[in-house]
Amino acid sequence: MSMTMEFFTLADGLIPQSKPTPINGMSEPVSKIFGYGLWLLILAGVGGTGFGVYKLAVSDKSRSGGGSEPFKWMGGGVATILLAGSLITILNGIAGG
């Protein structure tokens, strides 16, 4: 469990003000893991979107190239960002933050 907590507390250096709001009725470790997990999910979405932009920039622009793959990466990344952002907003509203 301590290894997991150390992994999630690394988010403090990567994301400014990424302190999750404590949720009533949840124990502190579960609340922290859930909160930091959502922030790390946002980082994964940003990475996926960036990778899609990169693939679009270096892709084969001919007719036979796989032109839809970069848009799949970008769409998945944006969807992840929106989902995690809305979950963070909902949980902060429930927690009274």
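Computed from a predicted model, the values in this text were never measured in an experiment. Values reported hereafter were calculated over all heavy atoms of this structure, with side chains retained and with hydrogens, waters and symmetry mates removed.
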Please tell me whether [X] and [Y] are part of a single hydrophobic cluster in this structure, the criterion being side-chain heavy atoms less than 4.5 Å apart.
{"X": "Leu82", "Y": "Trp39", "answer": "no"}
{"X": "Ile42", "Y": "Leu38", "answer": "yes"}
{"X": "Tyr54", "Y": "Met74", "answer": "no"}
{"X": "Val53", "Y": "Phe71", "answer": "yes"}

Atom CG in Leu43, atom OG1 in Thr80: separation rounded to 0.5 Å?
->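 Reported value, rounded in 0.5 Å steps: 11.5 Å.
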Of all heavy-atom pairs linking Pro70 and Gly52, the shortest is CB-O, 3.4 Å
